[in-house]
Peer 1: 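Next up is a structure, given as structure tokens.
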Amino acid sequence: MHAPLPPVRAIPVEPLMRAERLAKAFGGHAALADVSFSVRAGEVVAVLGPSGAGKTTLFRCLAGLAPPDAGSVRVWGQDIARTAGRDRRRLARDVAVVFQQFNLVGRLTALDNVLAGRLGHVPAWRGWSRRFGRADRLLALECLDRVGLLAKAEQRADTLSGGQQQRVAIARALAQRPRLIVADEPVASLDPATAAGVLDLLRDIARGPQGDDGAVGVVCSLHQVDLARAAADRIIGLAGGRVVADLPTSLFDAAAAARLYGNS
Ligand SMILES: Nc1ncnc2c1ncn2[C@@H]1O[C@H](COP(=O)(O)OP(=O)(O)OP(=O)(O)O)[C@@H](O)[C@H]1O
Ligand SMILES: [Mg+2]
């Protein structure tokens, strides 16, 4: 008899998220044109590109905050701009958004901010009255622990440092139990060391616990090539609203960066 083999982490065949031929224009100016790429569970994808390249526009489409003029964003095969009712609510839970400016409620504690991540899971009246059950509170504490901030659970969010606030925002995203985390410049307001720490955290979250269930996909936009190289599995270069590079990080070299930022 052989000893049983250790469990192998399943590599999903279907992408978790697929953006297909996205286009969006503002007043005749194309902010996105023919943008296609995908993100798999367990993968960190960084989107790089000069200012005005269309990153925020793209992330708003990925998060379902703005509909594209053409094309689709599919999460588990479902078009997020064309779902309604219960499917729409499920997709809203599956996709968590992390913003550059954290978007916490300053006068609430870190824990209460994280509990807001549970709003899509509990009946509305519980959310309005902030009466979360024991299981939700435990989960929120677990998420704070995951980002290293359990000791700050009862501290008001507006008294936390920028790096701590972004980690609370990530804990809130985790409390949502998402499949995909969409983060537009999540570290732009942080100093370099804190930024690297937050990206390490996102990478660990993407890897998830062993077994497929915990793995999520992360797509984030960044301005620093070095940070993308350290944290991402794949780098997408966006320029003038178009995908000009889609490479494994190891192939995104200085020449690729120079081409993206127009230095060669
Ligand atoms: N609501 C809007 N109305 C008009 N034009 C817009 C709007 N949102 C974005 N744009 C334009 O679309 C283009 C892409 O903007 P976007 O904010 O997506 O760029 P970005 O890559 O996020 O830039 P940055 O790195 O500076 O954040 C820009 O030319 C911008 O002026
Ligand atoms: Mg932007």
Side-chain angles (χ1 to χ4, degrees), residues 17-39 44-75 79-81 95-104 162-163 165-167 169-170 172-173 178 180-192 194-196 198-199 202 217-247 249 252 254 256-264:
M17 190 284 300
R18 170 111 195 116
E20 190 86 50
R21 311 208 67 176
L22 287 179
K24 190 154 182 88
F26 296 105
H29 168 82
L32 294 177
D34 206 17
V35 170
S36 300
F37 67 98
S38 51
V39 179
V44 178
V45 174
V47 177
L48 292 176
S51 191
K55 300 180 299 295
T56 295
T57 307
L58 170 64
F59 277 68
R60 288 179 57 77
C61 292
L62 297 183
L65 299 172
D69 297 339
S72 62
V73 175
R74 288 176 187 279
V75 175
D79 186 337
I80 61 173
V95 180
V97 189
V98 173
F99 300 93
Q100 176 182 345
Q101 289 305 335
F102 328 135
N103 287 21
L104 301 179
Q165 289 192 38
Q166 191 58 300
R167 282 190 285 154
I170 292 171
R172 177 181 59 190
L180 179 70
I181 295 177
V182 172
D184 185 23
E185 295 199 35
V187 300
S189 312
L190 307 177
D191 69 66
T194 311
V198 166
L199 287 173
L202 285 173
V218 173
V219 53
C220 65
S221 70
L222 296 169
H223 267 296
Q224 301 93 326
V225 177
D226 291 353
L227 288 179
R229 280 217 188 89
D233 299 298
R234 210 147 49 77
I235 295 179
I236 309 251
L238 198 67
R242 290 179 179 274
V243 173
V244 295
D246 184 345
L247 296 167
T249 299
F252 191 88
R259 276 196 301 279
L260 177 60
Y261 291 101
N263 296 331
S264 70

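Just so you know, ligand 1 is whichever comes first in the structure, and atom 1 is the first atom listed for that ligand.
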Peer 1: For a 4.5 angstrom cut-off between non-hydrogen side-chain atoms, does Arg167 reach Val198?
Peer 2: yes
Peer 1: Can you name the residues that form a side chain to side chain contact (heavy atoms under 4.5 Å, CB included) with Ala232, not counting sequence neighbours?
Peer 2: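 With neighbours one apart ignored, the set is Val44, Ala46, Ile235, Thr249.
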Peer 1: Looking at Arg229 and Phe252, would you say the former's side chain and the latter's main chain have a donor-acceptor pair under 3.5 Å?
Peer 2: yes
Peer 1: With sequence neighbours left out, what residues match Asp79 under side-chain hydrogen bond (donor to acceptor under 3.5 Å, both in side chains)?
Peer 2: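 Partners of Asp79 under the side-chain hydrogen bond (donor to acceptor under 3.5 Å, both in side chains) test: Arg82.
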Peer 1: I'd like the atom pairs linking ligand 1 to the protein - N or O on both sides, separation under 3.5 Å - with distances to 0.1 Å.
Peer 2:
unit_1: ligand 1; atom_1: 18 (O); unit_2: Thr56; atom_2: N; d: 3.4
unit_1: ligand 1; atom_1: 18 (O); unit_2: Thr57; atom_2: N; d: 2.9
unit_1: ligand 1; atom_1: 18 (O); unit_2: Thr57; atom_2: OG1; d: 2.6
unit_1: ligand 1; atom_1: 19 (O); unit_2: Gly54; atom_2: N; d: 3.3
unit_1: ligand 1; atom_1: 21 (O); unit_2: Ala53; atom_2: N; d: 3.2
unit_1: ligand 1; atom_1: 21 (O); unit_2: Gly54; atom_2: N; d: 3.0
unit_1: ligand 1; atom_1: 21 (O); unit_2: Lys55; atom_2: N; d: 2.8
unit_1: ligand 1; atom_1: 21 (O); unit_2: Lys55; atom_2: NZ; d: 2.8
unit_1: ligand 1; atom_1: 22 (O); unit_2: Thr56; atom_2: N; d: 2.9
unit_1: ligand 1; atom_1: 22 (O); unit_2: Thr56; atom_2: OG1; d: 2.9
unit_1: ligand 1; atom_1: 23 (O); unit_2: Gly52; atom_2: N; d: 2.8
unit_1: ligand 1; atom_1: 25 (O); unit_2: Lys55; atom_2: NZ; d: 2.7
unit_1: ligand 1; atom_1: 25 (O); unit_2: His223; atom_2: NE2; d: 2.9
unit_1: ligand 1; atom_1: 26 (O); unit_2: Ser51; atom_2: OG; d: 2.4
unit_1: ligand 1; atom_1: 27 (O); unit_2: Glu185; atom_2: OE2; d: 3.4
unit_1: ligand 1; atom_1: 29 (O); unit_2: His29; atom_2: NE2; d: 3.4

Peer 1: Return all protein N, O or S atoms below 2.8 Å from the Mg ion (ligand 2), chain by chain in residue order.
Peer 2: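 Hits for the Mg ion (ligand 2) below 2.8 Å: Thr56 OG1.
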Peer 1: Report yes or no: does Glu20 contribute a side-chain atom to a donor-acceptor pair with the main-chain N or O of Asp34 at less than 3.5 Å?
Peer 2: no
Peer 1: Just how far is it from atom CZ of Phe37 to atom CG of Leu22, taken to the nearest 0.5 Å?
Peer 2: 7.5 Å
Peer 1: If you define the side chain from C-beta out and look only at heavy atoms, does anything of Arg172 sit under 4.5 Å from Leu104?
Peer 2: yes
Peer 1: Tell me the closest heavy-atom pair linking Val39 and Gly217, and the distance in Å.
Peer 2: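 Between these two residues, the closest heavy atoms are CG1-CA, 4.1 Å.
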Peer 1: Do Arg234 side-chain atoms and Ser38 backbone N/O form a donor-acceptor pair below 3.5 Å?
Peer 2: yes
